[in-house]
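I have placed the structure first, in the form of structure tokens, so that the comments after it can refer back to it.
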Amino acid sequence: MTLKNNDGTRLADLFRKVTGASPEDVSPLSGAGSNRRYYRLRGGDMSLIGVIGTDAEENRAFCTLAGHFRDKGIPVPAVLCASEDGMAYLQEDLGDVSLYDAVASGRKSVPGCPGAGRTSDVPSAEAAEGGYGAEERALLCRAVSMLPKIQFEGARGLDFGICYPEPEFNGRTVMFDLNYFKYCFLKLSGLEFNETMLEDDFERFRDDLLCRMDDTFMYRDFQARNIMVRDGELYFIDFQGGRKGPAYYDLASFIWQASARYPSDLKEELVAAYMDALREYREVDRDDFYRGLRLFSLFRTLQVLGAYGFRGYIEKKKYFMDSVPYAIANLRQMLQEPFADYPYLDSLLRRLCEKVSAGCSCVASDGNPVLEVEIYSFSFKKGIPEDSSGNGGGYVFDCRSLNNPGRYEQYRKSTGRDEDVIRFFAGDRQMEEYLEKMYWTVDQHIDRFLSRGFTHLMASCGCTGGQHRSVYCAEHLAAHIRDKYFCARSSGAGSPADSTGRIRIRLVHREQGIEEEIV
């Protein structure tokens, strides 16, 4: 197949060099937040992953680290071949199932706040909060138990000079990440703040982080999405940004991964599993370890918010925008215990959580992402309503096949909200069947979107004039969602998606100039 920038040709040449035959299929793979491009190349009984990088030094770091780690017995993909200019290479195909995918059912069933829980000086003894089952917990614990080997064994004999773009965690990189948060998230929030006072706390924070420096390999993006599961075994990928650095950082990255939704008891279980494995390499002071981990958990969360701000709000990538509520929920949980050594930063972050929660329709009062359902009525003559979310516009229901009261003089000045038009449709079996099918269709999406933490759904009802049928259908769809997702629980019937407080309805009758919020 033909791929942009001759990617296919370059990778096909490498495939022939490795296998002696041309690939029969080259398929692009999603790359999430990376600028690298990934492809799966198949030929005969061989399947390999081809990578086109944007920086030869970054590619060199990955390939060199992969070889070093494999020599240490660390399970990472084998790099089989690289181009002479270093811009393309082939690696072992580890399949499509990441650890994040493997524990998906647990993540979706976690009750309450995503990212609930805390990492405090003294871990709590809270009861299990549901969600992740025994097998999923065991898999996650196995992953963090393997981390110390990567950090300590991986550092032995490693020339950190090959690490990209920095050989070690240092004050400059700390301030870069803190300013990344400041400029790409904090300033975009519109929150007023004193930059001098914030800088003072940033510098104290930096110094405390650097006091925790280790002679270990810092993976830098150790999270469930970067761990593959094949035949029950775990393999580690995307470590090309690694460098010498403190061991706390990687564990903080894992347990506070914004969208993972690890409940507090599971977080404590993961920390305990890591500390048990860490004792093979050094003595562990439990209380001091928790103090250090708490600092790096805050640092990692600020760094993640900076990335979400840049990738989401600036580059308009939906995944990152949708992930903001989870990171804010994590931050809110951390702030349950004050960061007393950084008083201005602490107060600013508290104000930020309140501002984002109050000003963004995607965050509920308990930190859960809110699904905003926009329902429009409109006239096809004036065009389909524009979508402001960037999601593409959602459902468009064509109501023009329904009986039209607008054909009769007595209804010409009425709309689908008026009593006479409501009576017109009373007992109209065609309308009843149409609405039942519309409800079923939209309900499927609402249930799915709630379980996945999505924040926007749009449904538009159109007719010829945007006055009778479309208005009536939009009104009834809004009422159905209100009754099913708001009223069922309060009446004792139970909410099918545990959605109380997690849905907001915005009803817009475009041609009538009417807009309402239904809560």
Side-chain angles (χ1 to χ4, degrees), residues 61 65 119-121 144 147-148 150-152 154-156 158-186 195-223 239-257 271 274-275 278 281-307 327 330-331 334-335 337-349:
L65 287 169
T119 303
S120 60
D121 286 359
V144 297
L147 177 57
I150 299 173
Q151 294 172 321
F152 287 83
R156 290 175 183 167
L158 176 63
D159 175 9
F160 284 100
I162 62 94
C163 293
Y164 175 90
E166 293 283 345
E168 67 177 12
F169 181 85
N170 55 43
R172 180 172 62 179
T173 59
V174 170
M175 294 307 295
F176 173 83
D177 285 334
L178 292 176
N179 285 316
Y180 192 35
F181 161 72
K182 180 173 73 172
Y183 290 113
C184 292
F185 192 88
L186 186 57
E195 291 207 45
T196 299
M197 295 179 69
L198 179 61
E199 195 71 13
D200 288 343
D201 274 3
F202 273 177
E203 290 175 359
R204 283 190 288 271
F205 191 24
R206 173 201 61 199
D207 293 344
D208 289 343
L209 292 170
L210 293 177
C211 285
R212 301 279 178 169
M213 185 67 178
D214 291 311
D215 290 329
T216 50
F217 179 78
M218 189 179 86
Y219 198 114
R220 199 167 186 269
D221 198 14
F222 189 78
Q223 54 156 306
F239 41 76
Q240 61 276 349
R243 62 199 64 174
K244 180 190 291 187
Y248 301 97
Y249 185 101
D250 292 331
L251 182 61
S253 298
F254 191 90
I255 65 175
W256 289 101
Q257 182 185 351
V271 175
Y274 176 84
M275 285 196 294
L278 182 61
Y281 297 95
R282 73 178 189 197
E283 293 185 3
V284 179
D285 181 320
R286 182 173 174 274
D287 291 342
D288 183 67
F289 181 86
Y290 270 91
R291 285 191 289 271
L293 180 59
R294 185 167 187 262
L295 290 181
F296 279 89
S297 296
L298 175 62
F299 177 62
R300 177 61 175 169
T301 299
L302 298 185
Q303 181 191 58
V304 164
L305 282 171
N330 278 347
L331 183 58
M334 292 178 195
L335 291 170
E337 179 183 344
F339 286 89
D341 291 336
Y342 324 111
Y344 187 75
L345 174 61
D346 182 275
S347 65
L348 181 60
L349 294 178

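All figures in this text were calculated on a predicted structure; none of them were measured in a lab. Quick note: numbers below take in every heavy atom, side chains included, and nothing from hydrogens, waters or symmetry partners.
Val174 is listed as a side-chain neighbour of Leu178, based on a closest heavy-atom distance under 4.5 Å. Between Leu209 and Leu295 there is a side-chain heavy-atom pair separated by less than 4.5 Å. Using a 4.5 Å cut-off on side-chain heavy atoms (C-beta onward), Asp341 and Asp201 make no contact. Side-chain contact between Asp214 and Lys244 is absent, with no heavy atoms from C-beta onward closer than 4.5 Å. Two residues are said to be in side-chain contact when any heavy atoms from C-beta on lie closer than 4.5 Å; Leu349 and Leu302 meet this criterion. Counting only heavy atoms from C-beta outward, the side chains of Tyr164 and Arg243 never approach each other to under 4.5 Å. Side-chain contact between Asp250 and Met218 is present, with heavy atoms from C-beta onward closer than 4.5 Å. Side-chain contact check for Leu186 versus Leu305: every heavy-atom pair is 4.5 Å or farther apart.
How far CG of Asn179 is from CD of Glu195: 8.5 Å, rounded to the nearest 0.5 Å. Put simply, SG on Cys163 and CD on Gln240 are 11.0 Å apart, with the number rounded to the nearest 0.5 Å. The line from CZ of Phe296 to CD1 of Ile255 is 13.0 Å long, rounded to the nearest 0.5 Å. Atoms CZ and CG, on Phe202 and Leu345 in that order, are 6.0 Å from each other to the nearest 0.5 Å. Atom CG of residue Asp208 and atom CZ of residue Phe339 lie 11.5 Å apart, to the nearest 0.5 angstrom. Annotation: the span from Asp285 atom CG to Met275 atom CE amounts to 10.0 Å, rounded to 0.5 Å.
When all heavy atoms are compared, the tightest approach of Val144 to Tyr274 is O-CD1, 3.5 Å. A pairwise comparison of heavy atoms in Gly306 and Cys184 identifies O-CB, 3.5 Å as the closest pair. Of all the heavy atoms in Phe254 and Gln223, the pair that sits closest is CD1-CA, 3.9 Å. The minimum heavy-atom distance linking Thr301 with Ala327 is given by the pair CG2-O, 3.9 Å. The two residues Ala155 and Phe217 come nearest to each other via the heavy atoms CB-N, 3.7 Å. Residues Arg220 and Gly241 approach most closely at CD-O, 3.4 Å, considering heavy atoms.
Residues Arg212 and Asp207 are not paired through a salt bridge, judged by the lack of any N-O separation under 4.0 Å between the basic side chain and the carboxylate. A salt bridge links Arg300 to Asp221: at least one charged side-chain nitrogen sits closer than 4.0 Å to a carboxylate oxygen.
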Hey, mind stepping through Met213 and Phe169 against side-chain contact (heavy atoms from CB on, under 4.5 Å) and telling me if it holds?
CA-CA 8 Å; Met213 185 67 178; Phe169 181 85; 4.2 Å; yes
Would Leu198 and Lys182 count as a side-chain contact (heavy atoms from CB on, under 4.5 Å) here? Give the steps.
CA-CA 9 Å; Leu198 179 61; Lys182 180 173 73 172; 3.8 Å; yes
Check the pair Glu199, Met175 against side-chain contact (heavy atoms from CB on, under 4.5 Å), reporting the backbone distance first and the verdict last.
CA-CA 9 Å; Glu199 195 71 13; Met175 294 307 295; 3.2 Å; yes
Begin from the C-alpha positions of Leu298 and Phe205 and carry the test side-chain contact (heavy atoms from CB on, under 4.5 Å) through to its verdict.
CA-CA 10 Å; Leu298 175 62; Phe205 191 24; 3.9 Å; yes
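A donor-acceptor pair shorter than 3.5 Å cannot be found between the side chains of Tyr249 and Gln151. When only modelled atom types and interatomic distance are considered, Asp200 and Tyr342 share no side-chain donor-acceptor pair under 3.5 Å. Residues Ser297 and Trp256 bring a donor and an acceptor atom of their side chains to less than 3.5 Å of each other.
Ring-plane geometry between Phe176 and Tyr180 is classed as parallel, the angle between the planes falling under 30 degrees on a 0 to 90 degree scale with a further cut at 60. By the 30° and 60° cut-offs, the orientation of the rings of Phe152 relative to Tyr281 is parallel. Below 30°, between 30° and 60°, or above 60°: for Tyr219 and Phe222 the angle between ring planes is above 60°, a perpendicular geometry. Taking the six-membered ring where the residue is Trp, Phe289 and Tyr248 present tilted rings, their angle falling between 30° and 60°.
Around the CG atom of Asp215, the shell of radius 6.0 Å holds no more than 12 heavy atoms that belong to other residues, nucleotides or ligands.
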